[in-house]
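Here's the structure we're looking at; comments come further down.
Below, chains carry the letters A, B, ... as their sequence lines are ordered, and counting in each starts from 1. These numbers were taken from a predicted model, which means no experiment stands behind them.
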2 protein chains.
Amino acid sequence: MDDTAQQRLKKVHDTLTRAERQLAGAILENYPMSGLGSITRLAEKAEVSTPTVVRMVQKLGYTGFPEFQAALREELEAQISNPIDKRDGWSNTAPEEHLLNRFTDAVIGNIRQTLAHIDPADFDAVAALLADEAQSVFIAGGRITHALSEYLHLHLQVIRGRVQHIPTTSNAWPHALLDIEPGDVVVIYDIRRYENSTLKLAEMAAARGARTVLVTDQWQSPISRFATYSFSCRIEAPSAWDSTVAMMLLSETLIAAVQEAAWERTRDRMGALEEMFDETRVFRKFV
Amino acid sequence: MDDTAQQRLKKVHDTLTRAERQLAGAILENYPMSGLGSITRLAEKAEVSTPTVVRMVQKLGYTGFPEFQAALREELEAQISNPIDKRDGWSNTAPEEHLLNRFTDAVIGNIRQTLAHIDPADFDAVAALLADEAQSVFIAGGRITHALSEYLHLHLQVIRGRVQHIPTTSNAWPHALLDIEPGDVVVIYDIRRYENSTLKLAEMAAARGARTVLVTDQWQSPISRFATYSFSCRIEAPSAWDSTVAMMLLSETLIAAVQEAAWERTRDRMGALEEMFDETRVFRKFV
DNA sequence: GCCGCAATGAAACTATGATTACAAAATCGA
DNA sequence: TCGATTTTGTAATCATAGTTTCATTGCGGC
């Protein structure tokens, strides 16, 4: 039982209570610095009471806070005096070459590249477009990107009305086109291998006078010819498949921007949604 | 006058008295650790009295020992914190405070924290579990996480057979339980607000002898009580909603790991899938 | 050698930190 | 839904850390 405090924290993590977990999280957040101040500051930072801190460090096996703190200091000292410990990886418990670290490296690279290529003006313009209830919004995704399109749709639905999801994976999508009017916005996710149906959809939407927002990969879907706005995201990963994390990030950031632009409305709609959830909970109980 | 304590110590070194120099030497001896204990221990170690310590740190420009100590902590933190954090701005064309940069900052932080909490051994164990076709795999997600669960399901389907998706948002999920047998694996995504139906599902799956893999947020879904393996991901973001990017990253990394573990099979299945796509493309043309 | 000044630590004091006891709140199980 | 149990924070208590006061010591000049 002479593990590091970090190891002990993880080991007992499951047996901890809510407040204690919250505290454990705060300690691990910038370990081990946060544990070096007074018990009061640590408690404040974790938004728990000081007795909770005492109780938790005792669960960890220390006699009290000072002993815990002394242990932290020792660990820290060992860490600094040992220059070999570079802390390069993302998971410091896994070796550098572990897939967790390799994959994360690649994804962070993707994010960096993606952000570097996005024009903030375009981003803002698209956010404004999606926030404006004057036109309808249609969201379409392909086989892989279906999850993303669904995710965007789910959130936009809360923010505004007149949002429709078009899954191009089924063959019912042409029906959705009937509702598209000039000026409407069509958001399309399309990464390799680019699908025929999605291209067709973009083409027909453009023909009907819709404005198209394309979220694609770095090689650019053929749809970009029809697109009013186009964002290319890096999707490379050490895997047989591509990584859509960067696209997810862009989508979430868009959602946040749209929500910010239409906050009054969003708040009202969220409130109404909450109420409906509360009502339906009665039904859930019978399931 | 905002040098480091070390610089200040050297600067005023000549103007110090005998006992103070002795103290300064002790502090510099293993800087900055020795300054992080109590004033008493530092005084003892330097073989001077505590008032001497107070007087000297005041000569250094601090109001008192606590302020001096806080300065040391800050220096130390800056020293050990990961340089990747220090990046100013992800999109160099957008201002620092643009949502694109703020959101990405938060997400990168989430990823780091998430990775720090994941036990590589657990990760490997889950990957092996999901790669093994001996047992069936069931994947369930809630309202927000439905997209993630669908994404995982889509990919696992290519890698292996006997994978089933359970959308807990519909009320048909209890039917899926009929197929669960002891030893089967149930992957559940659950973030706040934790849903009753998902909890119920986990409970019933556990009762049927299934092994549960939980992907949850840092506050931990109540399901963790039933879970064989549990991964907590940071989901905080400057938005009215949470960010599931870290969960997406974990999911993709899992997919990559499973695919690697069962590469022969995956390759065959991917090939067969390609063929089917080629055939069905004929149908698409008529759409 | 004596005086005076600066330096220093002992001790008293104050403030803050850590712990404990207990009651309120939340959660759980029937 | 209600009672029992656990969790959690408030407030009181205790301990230690930090500061200040002041007497003692050491040192240089007269």
Please find out if less than 6.0 Å separates the ring center of H165(B) from that of H146(B). yes
Between H98(A) and F123(B) (judged by ring centroids, cut-off 6.0 Å), do the two rings come close enough to count as a pair? yes
Side-chain N or O of [X] closer than 4.0 Å to phosphate OP1/OP2 of [N]:
X      : N       : answer
T52(B) : dG9(C)  : yes
T17(B) : dA7(C)  : no
S38(A) : dG17(C) : yes

Compare the minimum distances between each of [options] and the side chain of [X], then state the nucleotide with the smallest one.
X      : options                   : value
T50(B) : dT20(D), dT20(C), dT19(D) : dT19(D)
R18(B) : dT8(C), dT10(D), dT19(C)  : dT8(C)
I39(B) : dA17(D), dA11(D), dG17(C) : dA17(D)
F65(A) : dG9(D), dA18(C), dG18(D)  : dA18(C)

Tell me: [atom1] of [X] to [atom2] of [N], nearest whole Å?
X      : N       : atom1 : atom2 : value
Q69(A) : dT16(D) : CD    : P     : 14 Å
M56(B) : dG18(D) : CE    : P     : 14 Å
E20(B) : dA6(C)  : CD    : C1'   : 11 Å
E47(A) : dT7(D)  : CD    : C1'   : 18 Å
E44(A) : dG9(D)  : CD    : C1'   : 14 Å
L36(A) : dG17(C) : CG    : C1'   : 15 Å
Y62(A) : dT19(C) : OH    : P     : 14 Å
F68(A) : dT19(C) : CZ    : P     : 12 Å

In this structure, are over 12 heavy atoms from other groups packed under 6.0 Å from E47(B) atom CD?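 Result for CD/E47(B): open.
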With R73(B) as the cation and F68(B) as the aromatic partner, state whether NZ or CZ is under 6.0 Å from the six-membered ring centre and within 45° of the axis. no
When you measure from the centre of the six-membered ring of F226(B), is the NZ or CZ of R211(B) under 6.0 Å away and within 45° of the axis?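 No, R211(B) does not lie over the aromatic ring of F226(B).
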Distance-only donor-acceptor test, R55(A) side-chain atoms vs dG9(D) base atoms, 3.5 Å: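 Donor-acceptor pair under 3.5 Å: yes.
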Has the side chain of R41(A) got a donor or acceptor that lies under 3.5 Å from a partner of the other kind on the base of dG17(C)? no
